[in-house]
J.: 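Shown below is the structure under consideration.
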Amino acid sequence: MLDVAKIRRDFPILSKLVYGKPLVYLDNAATSQKPSSVIQALVDYYEGYNANVHRGVHALSMESTQRYEEAREKVVRFIGAPDSENLIFVRNTTEGINLVASTWAAANIGPGDEILLTEMEHHSNLVPWQRLAKDKDARLRFIPVTDEGTLDLSNLDALLNHRTKLVSMTHMSNVLGTINPVKDIAQKAHAVGALILIDAAQSVPHMPVNVTDLGCDFLAFSSHKMLGPTGIGGLYVSSPVLEQMEPFLSGGEMVQEVTFDSATWNDLPMRFEAGTPNIAGTIGLGAAVDYLESLGMDQVREHETQLTGYALDALKELSEDFNFYGPADLSIRGGIISFYSPDVHPHDLGTLLDQEGIAIRAGHHCAMPLTRDKLGVAATARASFYIYNTEEEVDLLVSTLKKALRYFSKTPTGTTRSG
Amino acid sequence: MLDVAKIRRDFPILSKLVYGKPLVYLDNAATSQKPSSVIQALVDYYEGYNANVHRGVHALSMESTQRYEEAREKVVRFIGAPDSENLIFVRNTTEGINLVASTWAAANIGPGDEILLTEMEHHSNLVPWQRLAKDKDARLRFIPVTDEGTLDLSNLDALLNHRTKLVSMTHMSNVLGTINPVKDIAQKAHAVGALILIDAAQSVPHMPVNVTDLGCDFLAFSSHKMLGPTGIGGLYVSSPVLEQMEPFLSGGEMVQEVTFDSATWNDLPMRFEAGTPNIAGTIGLGAAVDYLESLGMDQVREHETQLTGYALDALKELSEDFNFYGPADLSIRGGIISFYSPDVHPHDLGTLLDQEGIAIRAGHHCAMPLTRDKLGVAATARASFYIYNTEEEVDLLVSTLKKALRYFSKTPTGTTRSG
Amino acid sequence: MQDTSFEQLDDLYQEVILDHYRSPRNQGEIPNPNVSSRGFNPFCGDEVILGLKLDANSKVESIGFKGQGCSISQASASILTELVKGKSLEEAQELSQLLRRLMKGQELSDEEVERLGAMEALQGVRQFPIRIKCALLAWATLDDGIEEYRAETGKGKEADSSPPD
Amino acid sequence: MQDTSFEQLDDLYQEVILDHYRSPRNQGEIPNPNVSSRGFNPFCGDEVILGLKLDANSKVESIGFKGQGCSISQASASILTELVKGKSLEEAQELSQLLRRLMKGQELSDEEVERLGAMEALQGVRQFPIRIKCALLAWATLDDGIEEYRAETGKGKEADSSPPD
Ligand SMILES: Cc1ncc(COP(=O)(O)O)c(C=O)c1O
Ligand SMILES: Cc1ncc(COP(=O)(O)O)c(C=O)c1O
C-alpha cells in the first residue's frame, strides 16, 4: 500500500490552491506532477555541475557525463533492457515512434507490406504510419475495438499475416484505460516475421514494464508522464534490430570520424543522439525513476487499480446521465476514466470542474478516430489517476459532476441568475 | 559596460569550488552557465503550474499554455522574427538543421544541385548535408578558410551559382571565433535563387542577431549556449518557405483532423512540433532571453570583444610555445580562442588546467575537418568567454598555461617527483 | 432553485447562451448555399458548418448551421445565424470584427453594443481566455466562407453589389 | 627545479609515461604486418595504428605504432610495443586484460604486477576516469587487430600454433 499522505507531501504543486480551492489534479494521462527530488535534481545540475557531456576533460564535464550516463543506466534497469546501448534518449514518445518510422521502417517496409495498428492508437502512433504507408505504398490495418473497449482479437490471424512487417500498438489506451495483451501479440507478430513496437506512454509510468519479458522490438515512453521533466523520453530498441538501423538525425555526438566528404557513425546508442542532449532532463528522469522504484511499480499499479475500482463504483450513481468508457475488468485497466453526457459538453464540464480546483481533460485526447468513429462523440471528459490521488478526490469529482449537471439543466427561465 | 561582479552573483555555479579552487569556466562555446532566474523559472513551472499545453481547460493548463506561448513571443522578438509562426521549437541547433534537411531540402534538392557550406562548419551543419547530398545525388561545395581563419570569398562567384540551391553556414565559428558576413552572402545566395540557412549556435548567445535584417531563410540556435536550459532550441523559418514545407515529425499537437486513414496538418508553427514539447525548457529559454535583454546584446558583445582583446594580448607572451587560431580583427571575432602547443597535448592541457579549477575544452570541437585538415592538428585547446568572465580569469589562464608548459617540459631525470 | 454553486460562472453561461445552446436557431442545411464553409478547432474538436443563401440584393436570405461542441461554440453559431440574416456580407463581417474587439476587451460605443445584440452575452467569455476560440469559431468560419466566396466569384468587397445567380 | 605546481598530477604523469611520450619506442610502420589495426577515440581525436609481424612460432617478432594524441594514449602505445614484443598473441591479450583490471581498480597479485612492467605507471590514470579510455586505446586497438587476424586466417585461439606465412 502506498503511503499517499506522505507521497503528497513530496509534490509541491499539490499544496497549491486553484481559485482558492485545493488542487485536485486528475489529468495525469496528459502529464504528471513532479516530486521535489526531481525538481531538486534539475537545480543541483544547473547550480552544481552543468556542463556539456562526453567531450570535456574538466571536472564539471566529467561529473555531468557521469550523472548523465548513470541516469541512462537507471532507466535501462527500470524497463528491464539488457544493456545501455538499447536505450536511445528522445524528446518524447512521439519522437521515439517517428525515429523508428524514419529509420527501421523506412528501410524495411515496401509496397504491399502491411503495418498493423489498433483502433485505439494515439495520433502519435497513427499519423507517422499513415505518412510512411503513403510514401511506401504500404497498407495500414487495424485491430478493432469492441464495445467493451478491449481489442477484438477474433480476427487476428487474418490481420497479422505474412505481409505484416510491423505491429505498432499502445500498451495502455489513453482514452479507455485498456491494457492490451502486448506480450501475446509480440509472440504472434514474431511468428509471422513481423516486428512489434509498443507505445508505452501510458504503461511505463503506471505499471511494471519489462521489455525483455514482453519480447518487443521497440518500446517508447515519455518522461513527463512518469514524474520526470518535460522534453525527454526513451526509446528501447532490441539489439539485433539496432545493429541494422541507419542513424536518425545527424551532427555532433553521433559521429566517429568526419571528413569534408563523409562521416562514420559513433557507437550505440550515441549514434542515435545527435547534438547536445537534454542533459538536465535526462538526469531528472533518472531521479523520477529512483522515486518510482522507491515506491515499487507493483504498489503503484495496485494503488491505481484500487482507486479506479473505487471511482467506477462511485460513478455508478451518475450512469443515467453519463456514458462511461473502457473495460470493467480492473485487471486489464489502468487509472483512466473517460465519460460523456449529452447534457453538459465535456468542454463545459472541464470549465465547471476547474472552478472547484479539479483538473480533468476534455476533448478527443489525440485519439480522434477512436473518440469520434468508435465512441461516436467528438469529445469526452477524462479523469486519470496517479500515485498521489485519493478517494476523497474521487468523491469530490463525483459530487461536483452532480452539481455540474444540475447547473446545466437549470431552466433558463424561472430563476434569476446574477450574470 | 556590463557589471560583471553583479552578473557573477546571479550564477550560483560560479561560487562553486573545483578541487578547492574557484571555478573558472571558460567552456562557454560548449555550453553556458545559467542565472538563478532561469533555474527559478523551471522550479516555478514545476512547483506552480506544470501541465500539458494547448489542450486543457483547467487552470494549470491555461497558465502553462500562456507561459509557453509568451516564451515563444520573447524568443521571436529577441531574434527579430516577424511573427510567432516563424519560430519552431526544436531540441537544439542540430535538430533545427536536420529539420530543414528532412523537409525543405529533401523536397527541393535533386541530382546535380549544389549545397554550399564552408570549411569551418560544425559537424551538425555538415553531416546532415553529406547524407542529403548522397541521397539526392547532389554536390557539396565549400567556401575555403584562409590562414587568417576567415572565409576566402575570392572565388564565391563560382562557388555560388545557378546550381546552388542552399547555402548553409555558421554565423560564428566555434573553433576560430570568426564572425562571417552572412548578410552579404544571404543577398548573393538569393541573387542566384538559393536559400540560406545560418547556424547561429554561437552567434545568437553572444551578439545582436536579427533574422529580418540578415535576410536569411533559416536560422538555428540552442538554448543551452545562451543561458537557457538544455533540450530546447529554436529554428527560424521565413514565411514563404514555411508555407511550402511538409511536416517533420508527426503525431499529437501537429495535426488538425485525423481519421484512421489520413490526417490534415495544424496551423504554423505547431505543424512542426509533434508531441508534448519541452515545456519547462521553453519557459526557461524565455527567462534566459529576459536576462540577456536586461543586459543588452550590444553590451554582451562589447564585453566579450574587450575580454577577447585582452586575452589575445596577454597570450602573446606564449606565442613561442603555442599557435593561436582565428582572426586578429576583433570586429569579426567572438570570444573564442583555440590554441595548440606541440609540447603539451590539448588533452593533457585540459587535465592540468582542470586541477586549477579552469574549465577549457580540448579536442576537435566537432569540427574535425577544419581542425585536422585545415589547422593540421588532431585537437586544439579552446577557451571561450561569456558575460561572467573577467580579466583576472584570463590572467589565471595565462599563468597556468605557463606552469603547464613548465610541468610538461621538466626533464624526466634530474628531479625527483613524488608520484 | 437555490443551488449557488458555480455562481462565478453565471457571467460565462448567461441564460441567452444556454438558451441558444439548448434550442439552436436555424439549425440544418440550406440547399444550394452561395457561401458555405466549415470550421474546426483541433484542440477541442468543436465544429461548425455554415451555409448562406444570398438574395437578389446580396443580402443573406437564409442561413443554416450544423455543428457539435461546447455550449459557447454552438450558442455563438446560433446567435450568428440570427444576427446575420438579412444583412449584407460586409455587414456580417463588421459584426465579426465587433465580436473580436469585444473578446479583446476593447471599449465599444453604445451604438456598437446595440448592434451586438445577443452577442453581448458572450462578453463573459473574456475572463476565460481558453474559451475565446469557442466564441469565435462560428464567426471565423463565416469570414473564411465569405473570403472563399469572393475569391471564387471574383467579387471584391466593393464590387459585391450585383446579385448572385 | 622547485616548481611544486601540479604535484597532485605526478601520479598521473609519472616519469615513465612522460619518457615514453617524449621518446616513443617502436614508432613507425612495420612492412607486411600479420596483425594490423587502427583505433580512434571520437571524443578527443586520439589515434593509434598498430602493426605486428609474427615469427615462425607465432610470437611477435616486430611491432610498430603510429598515432597522435595525449601523453597517456601515446605512452601507453609505446609501452605496449615494448611489452608485447616476443610474446604470443594470447600472452598479449592477457596483458590487455591485466591493464583493464588495473583500470577498474581490481587487486592484482604480485606476479601480475610484475608482468605489468612499465604499464604499472598507468595506474595513476584510475583517478581520472575520463582518461582511462586514453590508457586503453592502444590495447583495445591490439585486441581488435588480433580478433580480426583470427577471423581472417580462420585461426582460433587454441589452434593458433602454426606460424603465419
Ligand atoms: C557552430 C555550432 N553549430 C552547431 C552546434 C551544435 O549545437 P547543439 O549541440 O546544441 O545542437 C554547435 C555547438 O556545439 C556549434 O558551436
Ligand atoms: C498512448 C499515448 N501515446 C503517445 C502519447 C504521446 O506522448 P508525447 O506527447 O509525450 O510524445 C501519449 C500522450 O499524450 C499517449 O497517451
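Just so it is clear: chains get the letters A, B, ... in the order the sequence lines come, proteins before strands, and each one is counted from 1.
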J.: Considering only heavy atoms and a distance below 4.5 Å, find which of B/Pro229, B/Ala101, B/Gly281, B/Gly363 pairs most often with chain A.
T.: B/Pro229
J.: Under the criterion side chain to side chain contact (heavy atoms under 4.5 Å, CB included), I'd like the reasoning laid out for B/Val127 against A/Trp265: C-alpha separation, chi angles, the key distance, then a yes or no.
T.: CA-CA 10 Å; B/Val127 185; A/Trp265 310 138; 3.7 Å; yes
J.: Look at the side chain of A/Asn50 and the backbone N and O of B/Lys34, then say whether any donor-acceptor pair between them is shorter than 3.5 Å.
T.: no
J.: With a 4.5 angstrom heavy-atom cut-off, is it the side chain or the backbone of A/Phe260 that approaches chain B, or both, or neither?
T.: both
J.: May I ask you to name which of B/Ile279, B/Asp373, B/Thr282, B/Leu117 has the most heavy-atom pairs under 4.5 Å with chain A?
T.: B/Ile279
J.: Counting heavy-atom pairs under 4.5 Å to chain A, which of B/Val258, B/Asp261, B/Asn125 comes out on top?
T.: B/Val258
J.: Counting heavy-atom pairs closer than 4.5 Å to chain A, which one of B/Val38, B/Asn98, B/Leu99, B/Thr93 comes out on top?
T.: B/Asn98
J.: At a 4.5 Å cut-off on heavy atoms, which part of A/Phe248 comes close to chain B: side chain, backbone, both, or neither?
T.: both
J.: Hey, does B/Asp354 have a side-chain heavy atom less than 4.5 Å from the side chain of A/Met62?
T.: yes
J.: Within a strict 4.5 Å, meaning less than it, do heavy atoms of the A/Thr230 and B/Tyr46 side chains meet?
T.: yes
J.: Please look at A/Gln40 and chain B and tell me whether the side chain, the backbone, both or neither of the residue comes under 4.5 angstrom of a heavy atom of that chain.
T.: neither
J.: Quick one: what part of A/Pro128 sits under 4.5 Å from any heavy atom of chain B, side chain, backbone, both or neither?
T.: both
J.: Considering all heavy atoms of both residues, which atom of A/Arg131 and which atom of B/Pro247 are nearest to each other, and what is their separation?
T.: NH2-O, 2.8 Å
J.: Is it the side chain or the backbone of A/Ile360 that comes within 4.5 Å of chain B heavy atoms, both, or neither?
T.: backbone
J.: Could you work out, with ring pair (Phe, Tyr, Trp, His ring centres under 6.0 Å) as the rule, every residue matching A/His364, not counting sequence neighbours?
T.: A/His123
J.: Counting only heavy atoms closer than 4.5 Å, note whether A/Leu126 contacts chain B via side chain, backbone, both or neither.
T.: side chain
J.: Using a cut-off of under 4.5 Å on heavy-atom pairs, state which of A/Glu119, A/Lys225, A/Glu246 scores highest against chain B.
T.: A/Glu119
J.: Let me know if B/Ile39 has heavy atoms under 4.5 Å from chain A in its side chain, its backbone, both or neither.
T.: side chain
J.: Pick from A/Gly231, A/Pro369, A/Gly275: which one has the most heavy-atom pairs with chain B under 4.5 Å?
T.: A/Pro369
J.: Answer yes or no: is there a side-chain heavy-atom contact under 4.5 Å between A/Ser222 and B/Thr276?
T.: no
J.: Taking all heavy atoms of A/Tyr25 and all of B/Ala51, pick out the closest pair and write down the distance.
T.: OH-CA, 4.5 Å
J.: I'd like to check A/Glu253 versus B/Cys366 (side-chain heavy atoms, cut-off strictly below 4.5 Å). Are they in contact?
T.: no
J.: Which region of A/Val18, side chain (C-beta onward) or backbone (N, CA, C, O), has a non-hydrogen atom less than 4.5 Å from a non-hydrogen atom of chain B, or is it both or neither?
T.: side chain
J.: Decide yes or no for B/Met368 and A/Thr259: does some side-chain heavy atom of the first lie under 4.5 Å from some side-chain heavy atom of the second?
T.: no
J.: For A/Gly48 and B/Lys16, work out which heavy atoms get closest and say how close.
T.: O-CD, 2.8 Å
J.: Under a 4.5 Å heavy-atom cut-off, does chain B meet the side chain of A/Glu63, its backbone, both or neither?
T.: side chain
J.: Shortest non-hydrogen contact from A/Val57 to B/Gly350?
T.: CG2-CA, 3.4 Å
J.: Any side-chain heavy atom of B/Leu60 within less than 4.5 Å of one from A/Leu23?
T.: yes
J.: Can you tell if the side chain of B/His224 reaches within under 4.5 Å of the side chain of A/Asn52, non-hydrogen atoms only?
T.: yes
J.: Side chain, backbone, both or neither: which part of A/Glu121 has an atom under 4.5 Å from a heavy atom of chain B?
T.: neither
J.: Assess whether side chain to side chain contact (heavy atoms under 4.5 Å, CB included) is satisfied between A/Ile358 and B/His58, documenting all intermediate values.
T.: CA-CA 8 Å; A/Ile358 305 173; B/His58 56 78; over 6 Å; no
J.: Counting only heavy atoms closer than 4.5 Å, note whether A/Ser15 contacts chain B via side chain, backbone, both or neither.
T.: neither
J.: Using heavy-atom distances under 4.5 Å, tell me whether A/Val255 contacts chain B through its side chain, its backbone, both, or neither.
T.: side chain
J.: Less than 4.0 angstrom from a charged side-chain N to a carboxylate O is my criterion; do A/Glu95 and B/Arg91 meet it?
T.: yes
J.: First locate atom CG of A/Asn92, then atom CG of B/Asn278, and finally report the distance between them rounded to the nearest 0.5 Å.
T.: 9.5 Å
J.: May I ask you to name which of B/Glu257, B/Gln355, B/His122, B/Met254 has the most heavy-atom pairs under 4.5 Å with chain A?
T.: B/Glu257
J.: Is it the side chain or the backbone of A/Asp27 that comes within 4.5 Å of chain B heavy atoms, both, or neither?
T.: side chain
J.: Applying side-chain contact (heavy atoms from CB on, under 4.5 Å), can you list everything that pairs with B/Lys134, at least two apart in sequence or on another chain?
T.: none
J.: What I'd like to find out is whether the side chain of A/Gln130 reaches to under 4.5 Å of the side chain of B/Ser250, using heavy atoms alone.
T.: no
J.: Would you mind telling me which of B/Trp129, B/Tyr49, B/Phe142, B/Phe11 has the largest number of heavy-atom pairs within less than 4.5 Å of chain A?
T.: B/Phe142
J.: A/Leu353, A/Thr94, A/Thr351: which one forms the most heavy-atom pairs within less than 4.5 Å of chain B?
T.: A/Thr94
